[in-house]
Number of protein chains: 4
Amino acid sequence: MDEVRRPGRPRDAATDRAILRAARDVLLRDGYAGLSMEKVAAAAGVGKPTLYRRWSSRVALVGDVVWHSFHAAVPGIGRPGPQAGDGATQQLTTWFRAYASSAGDPRHAAMILALTAAAAESPHDAESLYRHHTRPQYEAIVDCLRSGVESGEFRADADLEAVADALIGSVLYQLLTRTGDAAPQRAEHLLDVLLAGLRPVTRDQPGRAPRD
Amino acid sequence: MDEVRRPGRPRDAATDRAILRAARDVLLRDGYAGLSMEKVAAAAGVGKPTLYRRWSSRVALVGDVVWHSFHAAVPGIGRPGPQAGDGATQQLTTWFRAYASSAGDPRHAAMILALTAAAAESPHDAESLYRHHTRPQYEAIVDCLRSGVESGEFRADADLEAVADALIGSVLYQLLTRTGDAAPQRAEHLLDVLLAGLRPVTRDQPGRAPRD
Amino acid sequence: MDEVRRPGRPRDAATDRAILRAARDVLLRDGYAGLSMEKVAAAAGVGKPTLYRRWSSRVALVGDVVWHSFHAAVPGIGRPGPQAGDGATQQLTTWFRAYASSAGDPRHAAMILALTAAAAESPHDAESLYRHHTRPQYEAIVDCLRSGVESGEFRADADLEAVADALIGSVLYQLLTRTGDAAPQRAEHLLDVLLAGLRPVTRDQPGRAPRD
Amino acid sequence: MDEVRRPGRPRDAATDRAILRAARDVLLRDGYAGLSMEKVAAAAGVGKPTLYRRWSSRVALVGDVVWHSFHAAVPGIGRPGPQAGDGATQQLTTWFRAYASSAGDPRHAAMILALTAAAAESPHDAESLYRHHTRPQYEAIVDCLRSGVESGEFRADADLEAVADALIGSVLYQLLTRTGDAAPQRAEHLLDVLLAGLRPVTRDQPGRAPRD
DNA sequence: ATCTAAACGAGACGGTACGTCACGTCTTTTG
DNA sequence: CAAAAGACGTGACGTACCGTCTCGTTTAGAT
């Protein structure tokens, strides 16, 4: 837990920030394909070894850039809120609106696309990216849904992970194929259908049972 | 309809096939990140200029590879079927099962990921990839849903495009973050929720109205 | 002597001329380094095979271009004149003046340089270029000098080939290292020294004997 | 005089030597036409960028190769000697014999031809090649001749540059059109004529006056 | 106050791949 | 059958980055 004091000159925290800022700028300007370590180093006024000392690869760097950008700009986003009083429906709605509307912001859209590009390019890196950047969010959504089940808001037999995949994937697919501009409206309508589908079954309106 | 006869030696169709086959093999072996024009040319036994004469970029080539692989291997896939007698619910179910199960096949998964990587990497190429490769499928799904609305199977006020985004995006997100192995089961469950959410409203069980 | 009538469509002599003209233009504009078969074919409005059917290589083509340009433009030049009445001294002077002054013309200079480049680049081609393009001229000069020896104008013990090398080489070296602009004046002065050195020895002013 | 220490890792002098050696070998084996940057880089065990970092073009590289080969192998050559006691005639004779005999050595002949090819191919490069590689030698010859004029060994009215052109050009023309094998003998005989032509005029044997 | 070890900028280095140009040969269709 | 058009395998071009490796300099903590 305690930071080990190694001898020699310690790393300059300002350098980390300069690199992250430069990388973010390059990412926004040139996209993931146009982001080279060389360009980032030059833009940050930093030597390449300094860069590699901190991030072992382009993917690792991009991962951190996305993480910082997301959390710095929209702190609440990323996980269903701690607005404890609300019901699960309300929490989910609030979070998904924020998430979808962030897709309409080109700065956030670029980050999501960068992460997607990194993951799609090489399955190996995808695994660690998922573990560090996407899974916490994903699990928070599932937890929220589960609390909804427990509170009786949602059907007990629904596949919560399938719903989470659909929510996140819906936004992702829009960003990949068109822009994120329509995402907020789409989000409302998707919530409309999904929440209806999640509503507990009554006698008159039985849900369609899953097969396995 | 008539193929225009240009002067000069015509291109060798066998060369096209050799290149596509080589590119597909490289894609499966090394992923999108490992696919270089040089490697493809060498594997196809072809000069680089021959390759560039036909595909102006890596993205264009990968797009075609995916298209061919998909249609050659699983002809029916890609669009909701022409099984005319079935209702929209049945058509959609049939198609989505096939689509999700193809995500479990590593060969198809690689193709979808390659397309995703290409689109995520540079928004410019994304637009043309979408137009040529994904939109037809997307529109077929929306058409299928629309016919369901007309036949009274689905609610008239549902956002059909939001549903299509959710279906495709769900599979995509699974592939990106984990594997496609769970996709078939997930697909059943997602259909379960979505179809329930699309069911026309009765007096006793009103649907939640969209906000705008 | 008799032109053999081969079957099939005869070659178009106008095509030859178009190619030679195009090659000459490219040579003047882009130099020997900038002359590619591709460029010549395009400029002549001719297919590459047509070009290769007539000239087997760049060197062969350039050789012909030079030959035609030289003889078309300055018919008398190239060999010591047939002005039969003149003495050898006069013939040599007349020829060398014409030769040196042609080096001042950029069009001729380019031709000489092209020939030089071709010869210097590959010794193999140099041999055939020499045989076809330079040797006749060279031998005419030596013959002229020999006639001067026979008429008593020049020393009998002089190495006539050494003199011919010096005359031609002098102009060549000027073209290679500077321009040919100064060549005409230089030529006068070189003739002055060489003719003095070739003058038959008198008792009072013995020539320096060669060693072998 | 002091070597400026630029920041960053300094260039490896051994790499320069390896490249020059490799380039020389390729030049001797394949001639100027067969020398590609790619081949040189491979032969030197060096990446192409390393090569281009030091020499911006094939011409520049060949120029340096020639310069090094000449000076490494035959230090005295290249300029009339500092054998101070000798008269100008002796100096000139000594230098020209060495120069002509070097043309008989295939290794030197290849270097001279390479330089010639480079210069003939593109007039633009020719200028800088002349300035760096040939002019110093040329001026040394003219200086030697001038000192001969001052000492009374040579005529005051002779065009010394014309003589220098003839000496160098004579060897060059031999190399281009035949081999350099005959150059040493030819050199003796050319010196014989030229020195005779340069001898100061006496009353009985007036020199032929130049025209302008 | 000195020592020491790491961080730092700069940039050289062996590589791989880029996308283009020209090579010389080969198939086509058209005249 | 020649000619134009152009595809083809090959190979070199000159450039961009890769990730690693020296360099000489700076900078903090330990002595």
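To find a chain, count down the sequence lines: A is the first, B the second, and so on, and within it residues start at 1. These numbers come from a predicted model, not from an experiment. Worth knowing before you read on, the calculation uses all heavy atoms, side chains too, and leaves out hydrogens, waters and symmetry mates.
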D/His68 side chain vs D/Asp64 backbone, donor-acceptor pair below 3.5 Å: yes

Take the protein atom CD of D/Glu38 and the nucleotide atom C1' of F/dA12, then report the distance between them rounded to whole Å. 5 Å

Which whole-number value in Å describes the distance from B/Ile19 CD1 to F/dC8 P? 8 Å

Given DNA chain F, 5'-ward residue of the pair B/Arg53 and D/Leu35, judged by closest heavy atom: B/Arg53

Given E/dA7, E/dG11, F/dA3, which nucleotide is nearest the side-chain atoms of C/Arg54? F/dA3

Donor-acceptor pair, distance only, cut-off 3.5 Å: does the side chain of B/Lys39 make one with the backbone of B/Gly34? yes

On a plain distance test, is the side chain of C/Lys48 in donor-acceptor contact with the base of E/dG24 below 3.5 Å? yes

Could you pull out all residues at least two apart from A/Asp125 that satisfy side-chain contact (heavy atoms from CB on, under 4.5 Å)? A/Val59, A/Ser122

For B/Gly45 and D/Pro49, take the nucleotide of DNA chain F holding the closest heavy atom to each; which residue's nucleotide lies nearer the 5' end? B/Gly45

Measure from the side chain of A/Lys39, starting at C-beta and using heavy atoms only, and say which of F/dC8, F/dC17, E/dA6 lies closest. F/dC17

How do B/Ser57 and D/Pro7 order along DNA chain E: which one's closest nucleotide is nearer the 5' end? D/Pro7

Measure the distance from CH2 on B/Trp55 to C1' on E/dC18 and round it to the nearest whole Å. 19 Å

Among F/dG14, E/dC8, F/dT22, which nucleotide sits nearest the side chain of A/Arg9? E/dC8

Of the candidate nucleotides F/dT20, E/dG11, E/dC13, which contains the atom at the shortest distance from the side chain of A/Tyr52? F/dT20

Quick one, A/Leu20 and A/Trp55 - any side-chain contact, counting heavy atoms below 4.5 Å? yes

Nearest of F/dC13, E/dC13, F/dC8 to any side-chain atom of D/Arg11? E/dC13

Which part of the nucleic acid, if any, lies within reach of A/Thr15 when heavy atoms closer than 4.0 Å are counted: base, sugar-phosphate only, or nothing? sugar-phosphate

Comparing nearest nucleotides in DNA chain E, the 5'-proximal residue of the pair B/Ser56, D/Val46 is D/Val46

May I have the distance from A/Leu51 (atom CG) to F/dG19 (atom P), rounded to whole angstrom? 10 Å

Which of these nucleotides, F/dA3, E/dT28, F/dA12, is closest to any side-chain atom of C/Thr50? F/dA3

Give me the atom names and distance for the closest heavy-atom approach of D/Ala118 to D/Leu129. CB-CD1, 3.6 Å

Between E/dA12 atom C1' and D/Arg17 atom CZ, what is the distance in whole Å? 16 Å

